[in-house]
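Report on the structure given below.
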Number of protein chains: 2
Amino acid sequence: MIWERPEPGERRSVRLSRQAVTAAAVALADAEGLEAVSLRRVAAALGTGPMRLYGYLDSKDDLLDLMMDAVCGEIPPPPPGDWREELRAIARDTQRTARRHPWYVTLLGTRQPYGPNGLAYSERLFAAVARLGLPARLTVHAVDAVRAYIAGFLQLELLPGPEAEPGEEKLAYLARSVATGRYPTLAWIIAEFEAVGPDEAFAEGLERVLDGIAAARPGAS
Amino acid sequence: MIWERPEPGERRSVRLSRQAVTAAAVALADAEGLEAVSLRRVAAALGTGPMRLYGYLDSKDDLLDLMMDAVCGEIPPPPPGDWREELRAIARDTQRTARRHPWYVTLLGTRQPYGPNGLAYSERLFAAVARLGLPARLTVHAVDAVRAYIAGFLQLELLPGPEAEPGEEKLAYLARSVATGRYPTLAWIIAEFEAVGPDEAFAEGLERVLDGIAAARPGAS
DNA sequence: GCCCTTCTCGATACAGCGTATCGACACGAT
DNA sequence: ATCGTGTCGATACGCTGTATCGAGAAGGGC
């Protein structure tokens, strides 16, 4: 009888793609942090099993590379402008993007962004600095300074720490540490400290770097 | 008979201390990388079991904090000098220390160094910059720029990537990417690229940052 | 249609992880 | 000696990444 016969099985498997896998992983990391991204969790979010993902990547490390490159791909090219304006725009947009995916800064501690989007990002940094007409060597140094600053600062901003709007516990910790008298300059800074927003801090620090780059131009000293 | 009687059991447990646990973990990370540091492995290196470590720390995360602070403790205070000299010395010694423990840059992607040694490190940065007599706000920005640059650059240096003396495979990857024509400035840089040692690159980038800080002094423009 | 080959999929397994739990033992106080 | 407390380590649990293998699907040849 018809009612006793199993219905034709639905298409068993879910359509996958590398892009879909990556997006699921990014969504999971955004929702619960990087530690929540396991192959099982990603696969479950896609309605399949973990071993299926191995058709699209070789290892979990590959997945992390893909996730990093996806974030790089969200950072837009800068509007055309002079070298400083372009670098400022890149820096700002990197910050915005990293805030949407704070786990990105953790990935910066384990790998370099050399996927296609990561290379495009580098290209833009180099193109902006190349406007200065510096020799290749100095251009590399300048780009290194900018990108290192951006990455380093975003880690300062996005990782929990005493300087980054800590909860009561961390401030109390800092106050106790400073009360030991072992950190006098830090004590002065904290006493004088007016909460500076990370946007301003980031921009000001960047200006220091850009001023330093400007000083490297022939005839600039 | 004497030969059949068990000998009095030796002292069952091994002496532990937080310092010993940390040192064992650091040694393991140095030898095999951060991923090799499991509580089981650390405990085994100490001749005991993993649960024993919980008498000295609450979690594996605590262990990573301790490891980070231990590395900060290896970075010596700078010899007294002017502000630039002191910052250069701090930067150089940070680089040296990080090279001995390359996993330190990975930890910089997951936590901030606010242990006692980490605070001492901050104190030294602040003390050097404070010689400039800038207001607290500008001092914070300057220190942020320096420390962010140091951390960011060390990640560029110590993590595998196309720019960092790659094996044949990565260079071939870069060459292929550049051959797409999508990264023209990168192509120019690679064509002009003379292998620059990381020491020089680090120092040059740092000078850009220090020049920028110098430019922030009243009357410096 | 049937049979064979190849590919895909997913269940199962394994070794390892961090950490909770609990029984055994040691030690100190009475 | 007995009792209470603390320490230790074995065991267990839920989770991880990934190897493995059997079942089923799909395609091609006859």
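Numbered from 1 within each chain, the chains take letters A, B, ... in sequence-line order. Source: prediction; values computed, not measured.
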Donor-acceptor pairs are to be reported for all side-chain atoms of residues 21-34 of chain A against protein atoms at under 3.5 Å, with residues two or more places apart or in another chain.
unit_1   : atom_1 : unit_2    : atom_2 : d
Thr22(A) : OG1    : Arg18(A)  : O      : 2.7
Asp30(A) : OD1    : His101(A) : ND1    : 2.7
Asp30(A) : OD1    : Trp103(A) : NE1    : 2.6
Asp30(A) : OD2    : His101(A) : ND1    : 3.0
Glu32(A) : OE1    : Arg41(A)  : NH1    : 3.4
Glu32(A) : OE1    : Arg41(A)  : NH2    : 3.4
Glu32(A) : OE2    : Arg41(A)  : NH2    : 2.7

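- A donor-acceptor contact under 3.5 angstrom links the side chains of Thr94(A) and Tyr121(A), judged on distance only.
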Table of protein N/O atoms under 3.5 Å from nucleotides 14-16 of chain D N/O atoms:
unit_1  : atom_1 : unit_2   : atom_2 : d
dT16(D) : OP1    : Ser38(A) : OG     : 3.0

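- In this view, Pro113(A) and Met68(A), Cys72(A), Arg147(A) satisfy the side-chain contact (heavy atoms from CB on, under 4.5 Å) rule, not counting sequence neighbours.
- Legend: salt bridge (Lys or Arg N to Asp or Glu O under 4.0 Å) pairs involving residues 92-106 of chain B, not counting sequence neighbours, sorted by first then second residue: Glu74(B)-Arg100(B), Asp93(B)-Arg96(B), Arg99(B)-Glu157(B), Arg99(B)-Asp199(B).
- In terms of phosphate contacts, Thr48(B) brings a side-chain nitrogen or oxygen within less than 4.0 Å of OP1 or OP2 of dG9(D).
- You'll find that the side chain of Arg52(B) is closest to dG9(D), out of dT12(C), dG9(D), dC9(C).
- For Phe153(B), the ring-ring contact (aromatic ring centres under 6.0 Å, His included) criterion is met by Tyr149(B), Phe202(B), not counting sequence neighbours.
- For the pair Met51(A) CE and dC7(C) C1', the interatomic distance rounds to 16 Å; values are reported in whole Å.
- Straight-line distance from the CG atom of Leu53(B) to the C1' atom of dT19(C): 11 Å, rounded to whole Å.
- At whole-Å resolution of the value, CG in Leu64(B) and C1' in dG18(C) are 12 Å apart.
- Between the P atom of dT8(C) and the OH atom of Tyr54(A) lies a distance of 18 Å, rounded to the nearest Å.
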Going by atom type alone, with no hydrogens or angles, which donor-acceptor pairs under 3.5 Å involve a side-chain atom of residues 181-192 of chain A and a protein atom two or more places apart or on another chain?
unit_1    : atom_1 : unit_2    : atom_2 : d
Tyr183(A) : OH     : Pro116(B) : O      : 3.2
Thr185(A) : OG1    : Glu123(B) : OE2    : 2.9

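- Between the C1' atom of dT18(D) and the OH atom of Tyr56(A) lies a distance of 18 Å, rounded to the nearest Å.
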